[in-house]
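Remarks on the structure that follows.
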Amino acid sequence: MLPEPVPGDDAKPVADLPEVRRTDSARSRLTAAVSPEEAVVLQLQSAHLVERTTPDGFAPKIAAGLDVAYTPDSDRLVAAAVCVDIATLATVDSVVVRDVAGFPYIPGLFAFRELPALIPALDRLTVEPDVLVCDGQGLAHPRRFGLACHVGVLTGLPTIGVGKQALGRYEPPGPDRGDWKPLVDNGETVGRALRTQHGVKPVFVSIGHRIDLDTACDLVLRLSPEYRLPETTRAADHLGREVSAGRVRVQDVGD
DNA sequence: GCGACAG
DNA sequence: ATCTTGTCGC
């Protein structure tokens, strides 16, 4: 994940992060135990890896929704990944991974809390998704590296960030489905407040990786024909809650 | 300095 | 995120 020694960029921060240096694969770096300070450095060093354009011939058939549910009692969490057929919105695959939180919730850093469970869930998917829909921000993040960017860069898949709440202030878009207003941070457009249903609060869409904002919003609207949130997010959220609440139990036998 | 702050 | 009682509407 860390920028492979970028030529002409001998950043000194990394040299002072033993935990981070010790890892060698991009993936282990993100799952490795890092401090909040190191997490911030990791984001700053990784932001430039985000690709803001859509691959040629992008015609997604399967979209995977990602979401994490938390258990009432303590620090246990359930990550859910659900593949949905974009044309029919039918669920075609789903995986759940239970884990114990290894990082506190800190605005701007929650990818470090959910990634350790989300990545394994994605890995266990049998159906290959063409695009990922994360619940949270992508570029609409103070360091331009929200959860959606993190997941996208790690998997290399086109990824979109759809948050239920914006990080900063925003101008309310028109009242109709499809109306939107740009999300601006420090004079830069980082996403959109998009109305997915008439009269409901907008969702906050931003680029995660390998997709442009227009294409991202277009897909989010297609995935949200009836409700405020995309079906991908709704399906993952529902599955996670069922497991988290104990209404669904999983147990592997053998290997 | 003070408040606000994705899930 | 999660807890919580009631309420409005299809």
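Residue numbers begin at 1 in each chain, while the letters A, B, ... track the order of the sequences.
- Residue-level contact check: A/Gln137 touches the bases, meaning some heavy atom is under 4.0 Å from a base atom.
- Salt bridge status for A/Arg234 with A/Asp67: absent, with no side-chain N to carboxylate O gap under 4.0 Å.
- Across all strands, A/Leu109 comes closer than 4.0 Å to base atoms (heavy-atom distances).
- Protein atom OH of A/Tyr170 is 15 Å distant from nucleotide atom C1' of B/dC5, rounded to whole Å.
- No more than 12 heavy-atom neighbours from other residues, nucleotides or ligands sit within 6.0 angstrom of NZ on A/Lys61.
- Within 4.0 Å (heavy atoms only), A/Gly168 reaches no atom of the nucleic acid at all.
- Across all strands shown, A/Ile106 has no heavy atoms under 4.0 Å from either base or sugar-phosphate atoms.
- Residue A/Tyr105 is classed as a base contact, given a heavy-atom separation below 4.0 Å to a base.
- Stem analysis of DNA chain C (Watson-Crick or G-U pairs, both distances under 3.5 Å, runs of at least three) returns none.
- Along DNA chain C, read 5' to 3', the first and last nucleotides having any atom under 4.0 Å from a heavy atom of chain A are C/dA1 to C/dC3.
- When heavy atoms are screened at a 4.0 angstrom cut-off, A/Ala166 is found touching the sugar-phosphate backbone but no base atom.
- A search for side chain to side chain contact (heavy atoms under 4.5 Å, CB included) contacts involving A/Arg76 returns A/Thr71, A/Asp73, A/Ser74, A/Arg98, A/Val100, not counting sequence neighbours.
- A/Tyr70 OH to A/Tyr105 OH: the interatomic distance, rounded to the nearest 0.5 Å, is 9.0 Å.
- A/Arg192 and A/Glu171 are not joined by a salt bridge, as no carboxylate oxygen comes within less than 4.0 angstrom of a charged side-chain nitrogen.
- There is no side-chain donor-acceptor pair under 3.5 Å between A/Thr233 and A/Asp135.
- Using a 4.0 Å heavy-atom cutoff across all strands shown, A/Gly163 reaches sugar-phosphate atoms only and no base atom.
- Checked for salt-bridge contact, A/Arg195 and A/Asp176 miss the test: no charged N lies under 4.0 Å from a carboxylate O.
- Within a 6.0 Å sphere centred on CZ of A/Arg247, other residues, nucleotides and ligands contribute more than 12 heavy atoms.
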